[in-house]
Number of protein chains: 2
Amino acid sequence: MNIGEVASRSGLPPKTIRYYEDIGLVRPQRGSNGYRAFRETDLHKLIFLGRARALGFSIEDCRVLLSLYEDESRESAQVKAIAQQHLSAIEEKITQLQAMHATLSHLVNSCHGDDRPDCPILNDLAGQAAGG
Amino acid sequence: MNIGEVASRSGLPPKTIRYYEDIGLVRPQRGSNGYRAFRETDLHKLIFLGRARALGFSIEDCRVLLSLYEDESRESAQVKAIAQQHLSAIEEKITQLQAMHATLSHLVNSCHGDDRPDCPILNDLAGQAAGG
DNA sequence: CATAAGGCTTCCAGTTACTGGAAACTCAAG
DNA sequence: CTTGAGTTTCCAGTAACTGGAAGCCTTATG
């Protein structure tokens, strides 16, 4: 398979696939013309990577997960530990975003949004915490 | 004020303040020794920036918000529009993260996490969607 | 006055995970 | 043979800093 085909079959852009080769996540062979020659196992890895990335795992997490995926003697506890850590990180981010959302939606609601300069949003950012 | 003082008063690291000067968000004067000389207004701007960044606004948003903050003839509608856009972006991110969380927590719960290689997390990433 | 510690300066590089674009080569179709 | 599409490499840029090095300035101490 050329890169175009693995791209459409994996859903990853060719650029991303080349990048993944650069950083050693996949190692396609090469044809005599210099083109990358992907095998089915390369495609599987790329699909794996696409899914892991879609779940928000970092590239380095993906690297470890991929090595566990290929390691027949892995312990599922290792996989679970990585996933749990990532889950905690997601939870933390959600909490942060919800806090931002709460503050900001409050401010947005308290702003007239008209042609006058008076603005509780700016007041708050300026540190005046215009009580509301 | 030297950079150390504005740093502790604004809560921003000196590195970040220098960076903000680099990209033109603040323009402190200079003393004869070459040190940055911050005025109160510079401090206010930095506090403003710190709060806006804490609410997740991008640097470019901050740049616009800061110019509105300094523009006596602004219309609060402009500020509100930026804030609302950002609020939507936050909501979108939360939704994405919640989707990740749902999928991942399901997978984590279905994984034994013991010394055996069998792992529903890896199965799912590999695209086998081990029904469960 | 010498020195040492700490703060300040600039500049360069690295981070994350790609993405865009240029110049050049290969392949398939007509 | 030409044209267009696909592929190659390489370089640069993105966002928002952060770390570190080399060197100047200031302040405290002996």
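Using a 4.5 Å heavy-atom cutoff, the side chains of Leu125(A) and Leu55(B) are in contact. Between Tyr20(A) and Arg53(A) the shortest side-chain heavy-atom distance falls below 4.5 Å. Considering only heavy atoms from C-beta on, Phe48(B) comes within 4.5 Å of Leu122(A) through its side chain.
Residues from residues 7-21 of chain B that place a heavy atom under 4.0 Å from any atom of DNA chain D, listed by number: Pro13(B), Lys15(B), Thr16(B), Tyr19(B), Tyr20(B). For DNA chain C, the neighbouring residues in residues 22-41 of chain A, judged by any heavy atom under 4.0 Å, are Asn33(A), Tyr35(A).
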Mind listing the N/O atom pairs, protein and nucleotides 28-30 of chain C, below 3.5 Å?
none

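The interatomic distance linking Lys93(B) (NZ) with dA15(D) (C1') rounds to 11 Å, in whole Å. If you take CG of Asn2(B) and P of dG6(C), they are 17 Å apart, rounded to a whole angstrom. For Ile3(A) and dT9(D), the CD1 to P distance is 9 Å, given to the nearest whole Å.
For the pairing with Pro117(A), the side-chain contact (heavy atoms from CB on, under 4.5 Å) check across Glu75(B), Gln78(B), Arg74(B), Glu72(B) returns one residue only, Arg74(B). With Glu21(B) as reference, Arg36(B) is the one residue of Arg36(B), Lys45(B), Arg27(B) to meet the salt bridge (Lys or Arg N to Asp or Glu O under 4.0 Å) rule.
Side-chain N or O atoms of Asn109(B) include one that pairs as donor or acceptor with a backbone N or O of Ser105(B) at under 3.5 Å.
Salt-bridge annotation for Arg39(A) and Asp42(A): present, with a side-chain N of the basic residue lying under 4.0 Å from a carboxylate O of the acidic one.
Nearest heavy atoms, Pro14(A) versus Ile3(A): O-CD1, 3.6 Å. When all heavy atoms are compared, the tightest approach of Leu107(B) to Pro120(B) is CD2-O, 4.0 Å.
We find the CG-OG distance between Asp115(B) and Ser73(A) to be 11.5 Å, quoted to the nearest 0.5 Å.
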